[in-house]
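Everything on this sheet refers to the single structure shown next.
First the proteins, then the strands, lettered A, B, ... as listed; each starts at 1.
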2 protein chains.
Amino acid sequence: MDEQKKGTRRRGQVLEEAILFAAWEELLETGYTQMTMESVATRAGTNKSVLYRRWPDKSALVIAAMRKYFFPKITNEIPNTGSLRGDVYAYLHARVEPLKTIGAETIRGLIMEPMVWRMIIASMPQIIQKPRSENKMIAAMAAILKNAELRGEVCLEKLTPRIISLPLALLQYELITKLEPISDETIAEIVDDIFMPLVRAAQQ
Amino acid sequence: MDEQKKGTRRRGQVLEEAILFAAWEELLETGYTQMTMESVATRAGTNKSVLYRRWPDKSALVIAAMRKYFFPKITNEIPNTGSLRGDVYAYLHARVEPLKTIGAETIRGLIMEPMVWRMIIASMPQIIQKPRSENKMIAAMAAILKNAELRGEVCLEKLTPRIISLPLALLQYELITKLEPISDETIAEIVDDIFMPLVRAAQQ
DNA sequence: TCAATAGGAAACTTTAAGTTTTTTATGTAT
DNA sequence: ATACATAAAAAACTTAAAGTTTCCTATTGA
């Protein structure tokens, strides 16, 4: 509950971080609809007006909390296994990994509260609705394919944006619909039964 | 506004249908969040308590309205255009068509609402964890492919369940992430750039 | 024709969002 | 050290909509 010593008044960064942490915990424990500005303020040991001074409304606060406590755990490193198949598999695997490792209660919170996923999608257009070209994940896929081209594995020009973004789309579709961490088998299916055959077909 | 004659008091079926129609119109015009029980009651020429006497809450009312005015529009007929490409395109197109009567705002609102989401899940079984084999839409895709096989276009045995369900998965991914009706171009991309090449590749 | 049923109207409670005001602690500049 | 600006704490307030209750009255049908 973040009990503060009497006579100590937090402000600035410190207070802001306490609020974001409280919001994140509240989100995991009660879910988006249950969580109120009041409950977050109370948990952070402060009050509503302090929250509204920083974020225009509830969704802005939640987005800020997720930006701080969830998204940074997702890596965007470009693997280098020596093959296109290996790189794509490794990249998808790494994207999905945080869900298994960011703490049991976090995953449980996210998985048990479908609204959190819907929230991410609905109120963070920049994550998913951004033009594909501006998307970090798509950029990573493009980089992986560029490497494959340098090795002579593919001709990048022959691949449409939709093909490039397909593995990520399928990964996200699995997450959204199954609401549980994705198995390695599913990742392998996406790569071996869908993506690689398509890439090969496009080379003709 | 469904003005009723003075001295005439509707009841039972008649009143219920007037309310559902008002709810549906209200939903289309203002979207889920804007629409209030009050506004629906007023539009139907009645009052809130009558609504609450029939449906426990707002989402139940919306669900009832959608069940009456939206879901019946979604067909599951198997087209017969003479080609696999044509059949898949036609099927996806027919599934998506009814969404165009609903605005993006409404789709967004509906998806944000847990009760409604559960209902959508219930009536669009693709989105849930149901085994693919029990799914009506997947069954339709299988039937389309069976017809193609009879014409000698494909060998059905060589297609994995994931490939068969791919067009529908991508369609739903578009809907969930874009939260707006899907364009014909997108459907064509799914069919021509993804599905058909994959089917062809699988025949080798 | 009379009692049961259910619609109409309106006041009411509750809940949470969001705002405003007042008081007071604290960091910073003088 | 003092004073000043800043922003946190506290609480009252407004608003909007959900949902409830009550009372009255039109309609139905036994």
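Residues that satisfy the salt bridge (Lys or Arg N to Asp or Glu O under 4.0 Å) test with B:Arg54, not counting sequence neighbours, are B:Glu16. Not a single side chain to side chain donor-acceptor pair (under 3.5 Å) links B:Gln34 to another residue, sequence neighbours left out. Taking A:Lys48 as the reference, A:Glu38 meet the salt bridge (Lys or Arg N to Asp or Glu O under 4.0 Å) condition, with sequence neighbours excluded. Residues passing the salt bridge (Lys or Arg N to Asp or Glu O under 4.0 Å) test with B:Lys146 are B:Glu149, sequence neighbours excluded. A:Arg95 pairs by the salt bridge (Lys or Arg N to Asp or Glu O under 4.0 Å) definition with nothing, not counting sequence neighbours.
In this structure, A:Arg11 places its CZ atom 7 Å from P of D:dA7, rounding to the nearest Å. Between B:Trp55 atom CH2 and D:dA18 atom C1' the separation is 16 Å, expressed in whole Å. If you take CZ of B:Arg9 and C1' of C:dG7, they are 4 Å apart, rounded to a whole angstrom. Rounded to whole angstrom, the span from the CD atom of A:Glu16 across to the C1' atom of D:dA7 amounts to 13 Å. Atom P of nucleotide D:dA9 and atom CG of A:Leu51 are separated by 10 Å, given to the nearest angstrom. We find that CD of A:Glu17 is positioned 17 Å from C1' of D:dA8, with the value rounded to whole Å. A straight line from CZ of B:Arg10 to P of D:dT28 spans 13 Å, rounded to a whole angstrom. One atom, CG of A:Asn47, and another, P of C:dT20, lie 15 Å apart when rounded to the nearest Å.
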Using nucleotides 14-19 of chain C, report all nitrogen or oxygen pairs with the protein that are shorter than 3.5 Å.
unit_1 : atom_1 : unit_2  : atom_2 : d
C:dA17 : OP2    : A:Met37 : N      : 3.3
C:dG18 : OP2    : A:Tyr52 : OH     : 3.4
C:dG18 : N7     : A:Lys48 : NZ     : 2.8
C:dG18 : O6     : A:Lys48 : NZ     : 2.5

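In terms of phosphate contacts, B:Arg53 brings no side-chain nitrogen or oxygen within less than 4.0 Å of OP1 or OP2 of D:dG19. For B:Thr46 and C:dG7, the shortest distance from a side-chain N or O to OP1 or OP2 is not below 4.0 Å.
Of the charged side-chain nitrogens involved, at least one lies within less than 4.0 Å of a carboxylate oxygen, so that A:Glu17 and A:Lys68 count as a salt-bridged pair.
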